[in-house]
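Let me begin by presenting the structure, written as structure tokens, before commenting on it.
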Amino acid sequence: MKITTWNINGVRARLDLAVTYLREAAPDVVCLQEIKSVDEGFPRGAFEDLGYTVATHGQKGFNGVAILSKLPLEDVARGLPGGAGDEQARWIEATVAGPKGAVRVASLYLPNGNPIGTDKFAYKLAWMRRLKRHAVKLLSTEMALVLAGDYNVIPLPIDAKRPETWANDALFQPESRAAFRGLLNLGLTDALRACHPEPGVYTFWDYQAGAFQKDDGIRIDHLLLSPEAADRLVAAGVDKQTRGWEKPSDHAPVWIELDLAG
DNA sequence: ATGGTGGTTCAACCA
């Protein structure tokens, strides 16, 4: 089962690109972030034509997440628990019923948190505490689990071409990185890192200053796997070619292959 | 220190 996560930065602005990419890559499950669309405005027909069932959790103008699946989607849940009054659409989860096993999949868009020292950064850290609490609950079910999305966290210096330039950025603060480590310490596996321990693996390149041409990237889109899913991990990669296409998202799709046989 | 880019929505916000 191939599962892809992609911060698409506006699903309507990126529809042609997305259809082209999905035809080529043919993932079974797609986790989208920053759809920047309400549910009624989501171009679901274009994805249904490719064979996907569509579940969205949208919001006007900003944020918004979705899960597309060629396999049956069950038990869809919207919103990260523990956020009374939190209106931001950053979490959707569902069970993908594969022929050889079910997987609980979440598409998440973790708050950016910039600038540091503001309520935005406090919201980011609070959201990460909620994420950890919910991850504990999901792990306790012992169902294979994939937490996929834009974490807005650069875990380590090797996850940036120029880490020194991120020193004052919310994505690379000690608190952000510690919270990400806290997720790993629950027993979750960073799938892309597990398959690609080498430096220079990036998932985001800023639109400005020719960052992509200089490969001035960062790795902030992650798929975290429960032990039950990590045991089935076959491969992972970044489809960075899309970043060089016309009118690209500033993020590239990241994919994993899980062997769910037996 | 500034400006550099882009989506959504409509002057401004977010990244």
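Predicted model, so just to flag it, every value in this text is computed and none were measured. A note on names: the letters A, B, ... follow the listed sequences, proteins ahead of strands, and every chain is numbered from 1.
Proximity of A:Lys36 to the phosphate of B:dT9: no side-chain N or O atom is located under 4.0 Å from OP1 or OP2. In this structure, A:Arg12 reaches the B:dT9 phosphate: one of its side-chain N or O atoms is under 4.0 Å from OP1 or OP2. For A:Lys247 and B:dG7, the shortest distance from a side-chain N or O to OP1 or OP2 is below 4.0 Å.
At a threshold of 4.5 Å between non-hydrogen side-chain atoms, the residues A:Lys240 and A:Tyr202 do not count as touching.
Checked by atom type, the side-chain pair A:Tyr151/A:Asp190 shows no donor-acceptor distance below 3.5 Å. In summary, the side chains of A:Lys36 and A:Asn9 do present a donor paired with an acceptor at a separation below 3.5 Å, with no hydrogens or angles considered. Under the 3.5 Å distance criterion, with hydrogens and angles disregarded, no donor-acceptor pair is assigned to the side chains of A:Trp205 and A:Asp216.
Both A:Ser37 and A:Tyr207 lie close to DNA chain B; mapped to their nearest nucleotides by heavy-atom distance, the more 5′-ward contact belongs to A:Tyr207. Ranked by how close their nearest DNA chain B nucleotide is to the 5' end, A:Lys60 and A:Pro111 are led by A:Lys60.
Regarding A:Phe62, its CZ atom lies at a distance of 13 Å from the P atom of B:dA11, rounded to whole Å. The distance between atom CD1 of A:Ile35 and atom P of B:dT9, rounded to the nearest whole Å, is 11 Å. Taking atom CD of A:Glu87 as the reference point, atom P of B:dC13 lies 20 Å away to the nearest angstrom. Note: CD (A:Gln208) to C1' (B:dG7) measures 13 Å, nearest angstrom. The interatomic distance linking A:Leu17 (CG) with B:dG6 (P) rounds to 14 Å, in whole Å. Remark: P of B:dC14 and CD1 of A:Ile8 are 22 Å apart, rounded to the nearest angstrom. Between the CG atom of A:Asn112 and the P atom of B:dC14 there is a distance of 10 Å, given to the nearest Å. Computed from coordinates, the A:Asp150 CG to B:dA15 P distance equals 10 Å when rounded to whole Å.
Within the shown strands, nothing qualifies as a pairing partner of B:dG4 under the Watson-Crick or G-U definition with both distances less than 3.5 Å.
Across B:dA12 and B:dA1, the matching C1' atoms stand 24 Å from one another, rounded to whole Å. For B:dC14 and B:dT9, the P atoms lie 14 Å apart once the distance is rounded to whole Å. The same atom, P, is picked in B:dG4 and in B:dT8; the two are 22 Å apart, to the nearest Å. Taking atom C1' in both B:dG6 and B:dC10, one finds a spacing of 16 Å when rounded to whole Å.
Residue contacts shown for A:Tyr109 are limited to sugar-phosphate atoms, with no base heavy atom under 4.0 Å away. Counting non-hydrogen atoms under 4.0 angstrom, A:Arg243 reaches nothing in the nucleic acid.
Taking 4.0 Å as the cut-off between side-chain N and carboxylate O, A:Arg78 and A:Asp39 do not count as a salt-bridged pair.
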